[in-house]
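Before any comments, here is the structure.
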Amino acid sequence: MKLLEGKNAIITGASRGIGKGIAEVFANHGANVAFTYSSSVEAAESLEKELTQKGIKAKAYKSNAASFEEAQKLIEDVTKDFSSIDILVNNAGITKDNLLMRMSEEDFDKVIEVNLKSIFNMTKAVQRTMLKQRKGSIVNMSSVVGVKGNAGQANYAASKAGMIGFSKSVALELGSRNIRCNVIAPGFIETEMTDKLDEKTVEGWRKAIPLKRGGNPEDVANACAFLGSDLSAYITGQVLNVDGGMLT
């Protein structure tokens, strides 16, 4: 069963990691995929090709979600190319970890701008299209860190927690127009970024998780597919922890 047959989705920051996993799972479920990347042209082109081979329409857009103007332009372009937008997945994000006493103002501002302001930019831009259609599903990628905090990540935790408050407000504002807004809070997800970490440290993290393993991008992508699909038609304003039981 293809959950997203014929739906058009935008995924930000999809050239690698979790974003790439979401794009692949969406395409497997029959969705046409527009996705953004910031600098990795080669990875984006290769993903576009891979997705197109699955028999759906896919297109990569170089766009910075942290820029209000670029987000507006992106939605215009995607609406032109795909005619409608059924799902928006706000996945683009960065970290600049440090203890508060060592964190620069610049590192705080940058993380808020890329992780939180981008959600405002993209939601504001896509709102008009979804209001016209009188339907849509917005999925925002937070983190368990946004739910419970983490030492050395005050900027990241603030951005991811802010996203939850923003999403709940959007769910209340747009619910009467059949536009839903939900949040996914991934736990420890193993991607090419975590591959660089010390194996012993990673093993320690895995042991502390009730399911005794790190998640993979597909675990998060499957939750996204559910929230983007009509199976979740009566779910809005919720935070779904995809964390192997970390926050249990």
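- For the pair Arg128/Leu131, no side-chain contact is recorded, criterion being any heavy-atom separation below 4.5 Å from C-beta on.
- Contacts of Glu173 classified as side-chain contact (heavy atoms from CB on, under 4.5 Å), with partners at least two apart in sequence or in another chain: none.
- Note that CD1 of Ile138 and CG of Leu88 are 5.5 Å apart. Values are rounded to the nearest 0.5 Å.
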If you apply the rule side-chain contact (heavy atoms from CB on, under 4.5 Å), what do you find for Asn28 with Lys54, and how did you get there? CA-CA 7 Å; Asn28 289 341; Lys54 294 177 189 283; 2.9 Å; yes
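- The shortest distance between side-chain heavy atoms of Ile87 and Leu4 falls below 4.5 Å.
- In this structure, Lys96 and Met103 approach most closely via the heavy-atom pair O-CE, 4.4 Å.
- Note on residues 231-248: pairs passing side chain to side chain donor-acceptor pair (under 3.5 Å), not counting sequence neighbours, are Arg180-Ser232.
- In the hydrophobic cluster analysis, where Ile, Leu, Val, Met, Phe, Trp and Tyr join through side-chain heavy atoms closer than 4.5 angstrom, Leu74 is grouped together with Leu116.
- Here the CD1 atom belonging to Ile184 is positioned 11.0 Å from the OG atom belonging to Ser167, to the nearest 0.5 angstrom.
- If you chain together hydrophobic residues whose side chains sit under 4.5 Å apart, Leu47 and Ile56 fall into the same group.
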Begin with the C-alpha distance, continue with both residues' side-chain angles, and end with the deciding distance and a verdict on side-chain contact (heavy atoms from CB on, under 4.5 Å) for Phe82 and Ile10. CA-CA 10 Å; Phe82 287 78; Ile10 300 186; over 6 Å; no
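- Atom NZ of Lys200 has 12 or fewer heavy atoms from other residues, nucleotides or ligands within 6.0 Å.
- With Phe35 as the fixed residue, the side chain to side chain contact (heavy atoms under 4.5 Å, CB included) test singles out one of Leu51, Ile22, Asn91: Leu51.
- Put simply, the side chain of Asn222 gets close to the backbone of Glu218: a donor and an acceptor are under 3.5 Å apart.
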Would Val170 and Gln127 count as a side-chain contact (heavy atoms from CB on, under 4.5 Å) here? Give the steps. CA-CA 10 Å; Val170 167; Gln127 176 178 282; over 6 Å; no
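- For the residue pair Ser142 and Pro186, the shortest heavy atom distance occurs at O-CD, 3.2 Å.
- Other residues, nucleotides and ligands contribute more than 12 heavy atoms inside 6.0 Å of the CZ atom of Arg206.
- Of the inter-residue distances, the one linking Ser159 atom OG with Phe108 atom CZ reads 8.5 Å to the nearest 0.5 angstrom.
- The number of heavy atoms from other shown groups lying within 6.0 Å of CD (Glu113) is above 12.
- Remark: Leu174 CG to Arg134 CZ distance equals 11.5 Å, nearest 0.5 Å.
- Looking at heavy atoms from C-beta onward, Asn150 lies out of side-chain contact with Tyr156 at the 4.5 angstrom threshold.
- Residues Ser38 and Lys62 approach most closely at O-NZ, 2.8 Å, considering heavy atoms.
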Working note: Thr36 + Ile11, criterion side-chain contact (heavy atoms from CB on, under 4.5 Å); need CA distance, chi angles, decisive distance, verdict. CA-CA 7 Å; Thr36 71; Ile11 303 158; over 6 Å; no
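- Annotation: side chain of Ile179 is not in contact with side chain of Lys135 (no heavy-atom distance under 4.5 Å).
- The residues Asp219 and Arg213 are annotated as salt-bridged, a charged nitrogen and a carboxylate oxygen being separated by less than 4.0 angstrom.
- A distance-only check finds a donor-acceptor pair linking the side chain of Lys57 to the backbone of Asp81 [under 3.5 Å].
- Counting heavy atoms from C-beta outward, Cys224 and Met141 have side chains that approach closer than 4.5 Å.
- When the side chains of ILVMFWY residues are joined at heavy-atom separations under 4.5 Å, either directly or via intervening members, Val89 and Tyr37 end up in two distinct hydrophobic clusters.
- Side-chain N or O atoms of Ser40 include none that pairs as donor or acceptor with a backbone N or O of Ala43 at under 3.5 Å.
- Without hydrogens or angle criteria, Asn155 side chain to Asp107 main chain gives a donor-acceptor distance under 3.5 Å.
- Remark: side-chain polar atoms of Asp86 are not paired, donor with acceptor, to backbone N or O of Gly136 under 3.5 angstrom.
- Met122 and Ile75 get closest at one heavy-atom pair: CE-CD1, 4.1 Å.
- Val25 and Leu231 are not part of a single hydrophobic cluster, where members link through side-chain heavy atoms under 4.5 Å apart.
- Looking only at distances, no side-chain donor or acceptor of Thr95 sits under 3.5 Å from a matching main-chain atom of Asp97.
- Note on Val183: it clusters hydrophobically with Leu247, by side-chain heavy-atom contacts below 4.5 Å among ILVMFWY residues.
- Side-chain contact between Lys160 and Met163 is present, with heavy atoms from C-beta onward closer than 4.5 Å.
- Within a 6.0 Å radius of CD in Glu199, other residues, nucleotides and ligands contribute more than 12 heavy atoms.
- The two residues Gly146 and Ile164 have their closest heavy-atom pair at O-CD1, 4.3 Å.
- Thr123 contributes no side-chain N or O that, together with a main-chain N or O of Phe120, makes up a donor-acceptor pair within less than 3.5 Å.
- Checking side-chain atoms of Glu48 against main-chain N and O of Ala60 turns up a donor-acceptor pair under 3.5 Å.
- Looking only at distances, a side-chain donor or acceptor of Thr12 sits under 3.5 Å from a matching main-chain atom of Ala92.
- Side-chain contact between Phe226 and Ile235 is present, with heavy atoms from C-beta onward closer than 4.5 Å.
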Give the C-alpha distance, both sets of side-chain angles, the deciding distance and a yes or no for salt bridge (Lys or Arg N to Asp or Glu O under 4.0 Å) between Lys7 and Asp230. CA-CA 10 Å; Lys7 289 187 187 285; Asp230 296 339; 3.0 Å; yes
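- Taking 4.5 Å as the limit, some side-chain heavy atom of Thr79 sits within range of a side-chain heavy atom of Ile85.
- When the shell of 6.0 Å around NZ of Lys132 is examined, it contains 12 or fewer heavy atoms from other residues, nucleotides or ligands.
- Scanning both residues, Lys20 and Ser15, for their nearest heavy atoms gives CD-O, 3.9 Å.
- Checking side-chain atoms of Gln133 against main-chain N and O of Ser84 turns up no donor-acceptor pair under 3.5 Å.
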